[in-house]
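Notes for the one structure printed next.
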Amino acid sequence: MHKKCVVIFGPTAVGKSDLAYQIAQYCKTEIISADSRQCFRELNIGVAKPDNAMLKNIPHHFVNSHSIHDTMNVKVFFDYCKHTLATIFKTTDTAIIVGGTGFYIDAILNGIQDLPIIPLSIKQNIQHNVNASGKQWLQKQVEEKDPVFFAHADKENTHRLQRALEFFDATQQSITLFKEKKTRLPEYDFILFNVNKERQMLYQQIDQRVEIMMKSGLLEEAENLLQYQQIENLQTIGYKELFAFFNAECSLTTAIEKVKQHSRNYAKRQITWFNRYTNAHYITPNSSIEQLKHLFDMNAKS
RNA sequence: GGUGCGGUAGCUCAGUUGGUAGAGCAAGGGACUGAAAAUCCCUGUGUCGGCGGUUCAAUUCCGUCCCGCACCA
């Protein structure tokens, strides 16, 4: 009998957190967030964390667990998740995972590549060169050093090219050689819920939530983080647009419209990603907790 | 009322020395192997403000009208 992971995913603002909370209460267990931004304790309003009452009643892991100054990536998340699941399963048979970061969800379901760590100095060195010499330099470097990767690479995608170059400089090997080597979670039973709703309604809800965030003090929260606006972990919807306002690049009204727009764009990308999990149960946030319980019990038995 | 500048894709605009048009953003679809709320790819027919005129042909030139904006009265 395997331990069970209920994995709830879907676009931003669809209502995942509430569903996770309810099912966690039903199963008397804890929640792990698969969200690349809610883990930062410096980010609150703009990142739509569960409210304090929820956080108090049910332990939420990977929420407020890190600082924006920590390095954060799928590997950090994966290790954290693996360890936390092991701990939860010491006392119960079920855990809830909820989040909108597709890449992190995929790490849980399909594992991650087992790769060496790239020294920070190499990353910084390449970043410096890219800033100075541009994309052409990057493309040329990758083409010369890792032609195998380059042949199939998206040549315009600087992040991917940069990663491949970092990897090569650190190991003298092509990252493509590590494609099949995967580290996986132990054998758990996954019960997948893909939460979605009608597109127009979703977008409406996103817009409304941005308004609420502004009323709750998002502007002030962003202003306090202004000095850190360059760091990677703050390339975050809801903050970067307000930074632009503080930098006098646009009006506040424009900035808020951009937050809404980028949130909608993001939701669309999430939906595209999650469509790959065809074995998931498609549910709407209106699905009653009774339905969820039923689906859970059905899967728990089998 | 006069003068000037505008009126082109949902928005901001480019352009056509006359042969019915194209970028960015939006929107839609897709990808995604340690930045992933990131990054990237694909998709552009719209009475080129209305009506007349010149022309083989007008969104482009001319006239006129309508609508913005600015300045002058």
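Below, chain A is the first sequence line, B the second, and so on; all start at residue 1. Only this structure's heavy atoms are used, side chains among them; waters, hydrogens and symmetry mates stay out. Worth saying up front: this structure is predicted, and the values here are computed from it rather than measured.
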Open item on the list: I want to verify the glycosidic state of B:rG18; is it syn or anti under the 90° rule?
Closed with: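 Base orientation: anti.
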When all nucleic acid strands are considered with a 4.0 Å heavy-atom cut-off, which category describes [X]: base, sugar-phosphate, or nothing?
X      : result
A:N110 : nothing
A:T101 : sugar-phosphate
A:K240 : sugar-phosphate
A:R269 : base
A:V47  : base
A:I175 : sugar-phosphate
A:F178 : nothing
A:G46  : base

Task: Close side-chain approach of A:E211 and A:K260, heavy atoms under 4.5 Å - done: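 Counting from C-beta outward, A:E211 and A:K260 do come under 4.5 Å.
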Task: Sub-4.0 Å heavy-atom contacts from residues 192-205 of chain A onto RNA chain B, ordered by number - done: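 Going residue by residue through residues 192-205 of chain A, the ones with a heavy atom under 4.0 Å of RNA chain B turn out to be A:R199, A:Y203.
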TODO: Give me the residues of residues 245-263 of chain A where at least one heavy atom lies under 4.0 Å from an atom of RNA chain B, by number, or none.
DONE: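 Those residues are A:K258, A:Q261.
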Taking atom types as modelled and ignoring hydrogens, do the side chains of [X] and [Y] form a donor-acceptor contact shorter than 3.5 angstrom?
X      : Y      : value
A:N57  : A:Y21  : yes
A:Y239 : A:E221 : yes
A:Q127 : A:N131 : yes
A:Y266 : A:Q270 : yes
A:R209 : A:T12  : yes

Open item on the list: Dot-bracket, 5' to 3', for RNA chain B please: Watson-Crick or G-U pairs under 3.5 Å, [ ] where pairs cross earlier ones, | where the partner sits on another strand, dots elsewhere.
Closed with: (((((((..((((.....[..)))).(((((.......))))).....(((((..]....)))))))))))).
Figure out the [atom1]/[atom2] separation between [X] and [N], and round it to whole Å.
X      : N      : atom1 : atom2 : result
A:I126 : B:rG34 : CD1   : P     : 14 Å
A:N265 : B:rG28 : CG    : P     : 8 Å
A:I206 : B:rA37 : CD1   : P     : 13 Å
A:L242 : B:rA37 : CG    : C1'   : 14 Å
A:N73  : B:rG34 : CG    : C1'   : 4 Å
A:N233 : B:rA37 : CG    : C1'   : 11 Å
A:L138 : B:rA35 : CG    : P     : 14 Å

- [ ] Answer yes or no as to whether B:rA35 has its base stacked against A:H159, where stacking requires a ring-centre separation under 5.5 angstrom and planes under 30 degrees apart.
- [x]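 Stacking is present between B:rA35 and A:H159, given that their ring centres fall under 5.5 Å apart and the planes under 30°.
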Open item on the list: Regarding A:K145 and A:D169, does a basic nitrogen lie under 4.0 Å from an acidic carboxylate oxygen?
Closed with: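 Answer for the salt bridge query: yes.
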Task: Listed once per pair and sorted, the salt bridge (charged side-chain N to carboxylate O under 4.0 Å, His left out) pairs that draw on residues 73-95 of chain A, sequence neighbours left out - done: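 Matches after skipping sequence neighbours: A:K3-A:D93, A:K75-A:D79.
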Task: Given B:rC40, B:rG29, B:rC32, the nucleotide with the shortest approach to the side chain of A:D154 - done: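 The answer is B:rC40.
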Task: Side chain of A:S36 - closest among B:rU39, B:rA36, B:rA35 - done: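 Selected nucleotide: B:rA36.
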- [ ] Kindly say whether the aromatic ring centers of A:H61 and A:Y80 come within a distance under 6.0 Å.
- [x]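 Between A:H61 and A:Y80, the centre distance exceeds or equals 6.0 Å.
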Task: A:F178 and A:F167 aromatic centres sub-6.0 Å - done: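 Yes - the distance between ring centres of A:F178 and A:F167 falls below the 6.0 Å cut-off.
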TODO: Determine the interplanar angle of the A:F190 and A:Y188 rings, folded into 0 to 90°, and report it as parallel if under 30°, tilted if 30 to 60°, perpendicular if over 60°.
DONE: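 Perpendicular, since the angle between the ring planes exceeds 60°.
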TODO: Tell me, please, which residues at least two apart from A:E42 pass salt bridge (Lys or Arg N to Asp or Glu O under 4.0 Å).
DONE: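 Listed in chain order: nothing, the list is empty.
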Open item on the list: Once salt bridge (Lys or Arg N to Asp or Glu O under 4.0 Å) is applied, do any residues pair with A:E143, and if so which ones, sequence neighbours excluded?
Closed with: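 Once residues adjacent in sequence are excluded, A:E143 has no partner under the salt bridge (Lys or Arg N to Asp or Glu O under 4.0 Å) criterion.
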Task: Given RNA chain B, 5'-ward residue of the pair A:P116 and A:I237, judged by closest heavy atom - done: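 Whichever sits nearer the 5' end wins; that is A:P116.
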Task: Whichever of A:V76 and A:R209 has its nearest RNA chain B nucleotide further upstream toward 5' - done: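 So the residue in question is A:V76.
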Open item on the list: Under 3.5 Å, is there any donor-acceptor pair linking the side chain of A:R37 to the base of B:rA36?
Closed with: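 Not at all, since no donor on one side and acceptor on the other fall under 3.5 Å apart.
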- [ ] Measure distances between side-chain N and O atoms of A:R160 and base N and O atoms of B:rA38, and say whether any donor-acceptor pair falls under 3.5 Å.
- [x]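 It does, because a donor-acceptor pair links the side chain of A:R160 to the base of B:rA38 below 3.5 Å.
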TODO: Answer yes or no on whether A:K16 is positioned over the face of A:F9, meaning its NZ or CZ is under 6.0 Å from the six-membered ring centre and within 45° of the axis.
DONE: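 No; the conditions do not both hold, so A:K16 does not lie above the ring face of A:F9.
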TODO: Determine the interatomic distance between C1' on B:rU47 and the same-named atom on B:rU20; round to the nearest Å.
DONE: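 Comparing C1' positions in B:rU47 and B:rU20 gives a spacing of 11 Å.
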Open item on the list: Looking at B:rA36, I'd like to know if its phosphate oxygens (OP1 or OP2) sit under 4.0 Å from a side-chain N or O belonging to A:Y104.
Closed with: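 Yes.
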